[in-house]
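Okay, so here's the structure we're looking at.
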Amino acid sequence: MNNLILKSFLLSLLTFFAPVGWIILVVSLSTIIDTFFGIWRSLKSGGKFKAKILRFGFVPKVLSYCGSIMFVYCCDYFIVNDLINLGIQIDYLTTKLLALGLIGIEIKSIDESFEAIKGYSLIGRVFETILKLKNIKKKIQE
């Protein structure tokens with residue numbers, strides 16, 4: 001009987017958080033990619049990789065990110081979403097903005113690691129390429 005109650009409770013939680021499952025997945029994936037870049041940076045600079053570092057750095061980071069997304073989603077679901085929908089018709093805007101901020105933090109960290117390894121900014125190169133493509137498009141249109 002207790003097993004059935006536990007399964008029902010967990011299924012209810014899973015169903016409640018299903019709308020933000022993809023957000024949690026993307027934030028977790030960005031954190032994993034940042035961790036790989038951090039490991040690469042450490043190994044390139046002559047440091048040693050230890051699994052202990054992951055236990056005390058990566059796992060708490062992912063859990064805190066996921067927990068904060070779930071907490072903000074609960075606030076969004078019960079309170080904030082109705083207030084925001086009075087002016088803007090975007091569901092769970094606060095949750096999406098938090099996720100965007102967390103992903104931005106991870107992208108900046110990835111870029112810093114990449115710059116330390118390769119000597120140039122990956123984001124800077126992307127922007128330079130976009131500007132060059134815009135200039136080429138302008139020249140073609142003229």
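Throughout, residue positions are numbered sequentially from 1 according to the sequence presented.
Using a 4.5 Å heavy-atom cutoff, the side chains of Thr35 and Lys61 are not in contact. Looking at Ile69 and Leu102, their side chains come closer than 4.5 Å, going by heavy atoms from C-beta outward. Using a 4.5 Å heavy-atom threshold, the side chains of Ser68 and Leu98 count as touching. Side chains of Phe16 and Cys74 form a contact here, defined as non-hydrogen atoms less than 4.5 Å apart. Counting only heavy atoms from C-beta outward, the side chains of Ile39 and Phe58 never approach each other to under 4.5 Å. Looking only at side-chain heavy atoms (C-beta outward), Lys96 and Asp76 stay at 4.5 Å or farther from each other. The shortest side-chain heavy-atom distance between Ile110 and Phe36 does not fall under the 4.5 Å cut-off.
Remark: side-chain polar atoms of Asp111 are paired, donor with acceptor, to backbone N or O of Leu122 under 3.5 angstrom. Without hydrogens or angle criteria, Tyr73 side chain to Pro19 main chain gives no donor-acceptor distance under 3.5 Å.
Taking hydrophobic clusters as Ile, Leu, Val, Met, Phe, Trp and Tyr residues chained together by side-chain heavy-atom distances below 4.5 Å, Tyr120 does not share a cluster with Val126. Hydrophobic clustering (side-chain heavy atoms under 4.5 Å, transitive across Ile, Leu, Val, Met, Phe, Trp, Tyr) groups Ile88 together with Val72. Linking ILVMFWY residues whenever their side-chain heavy atoms come closer than 4.5 Å, directly or via other members, leaves Leu10 and Leu14 in distinct clusters. The hydrophobic cluster containing Leu29 does not contain Phe17, counting ILVMFWY residues as joined when their side-chain heavy atoms lie under 4.5 angstrom apart, directly or transitively. Cluster annotation: Val62 and Val59 are assigned to the same hydrophobic cluster (Ile/Leu/Val/Met/Phe/Trp/Tyr, side-chain heavy-atom contacts under 4.5 Å, transitive).
Distance CG/Asn81 to CD1/Ile90: 10.5 Å, rounded to 0.5 Å. Annotation: the span from Ile103 atom CD1 to Ser28 atom OG amounts to 9.5 Å, rounded to 0.5 Å. The OG atom of Ser12 lies 14.0 Å from the NZ atom of Lys7; values are rounded to the nearest 0.5 Å. Remark: Ile84 CD1 to Leu97 CG distance equals 7.5 Å, nearest 0.5 Å. Taking OG of Ser109 as the reference point, atom CZ of Arg41 lies at 8.0 Å (rounded to 0.5 Å). In this structure, CD1 in Ile105 is found 10.5 Å from CG in Leu100, a value given to the nearest 0.5 Å.
The minimum heavy-atom distance between Asp34 and Glu106, with the atom names listed, is OD2-OE1, 2.7 Å. Contact detail for Asn85 and Gln89: the closest heavy-atom pair is O-NE2, 2.6 Å.
Ring orientation note: the planes of Tyr77 and Tyr92 are close to parallel, at an angle under 30° on the 30°/60° scale.
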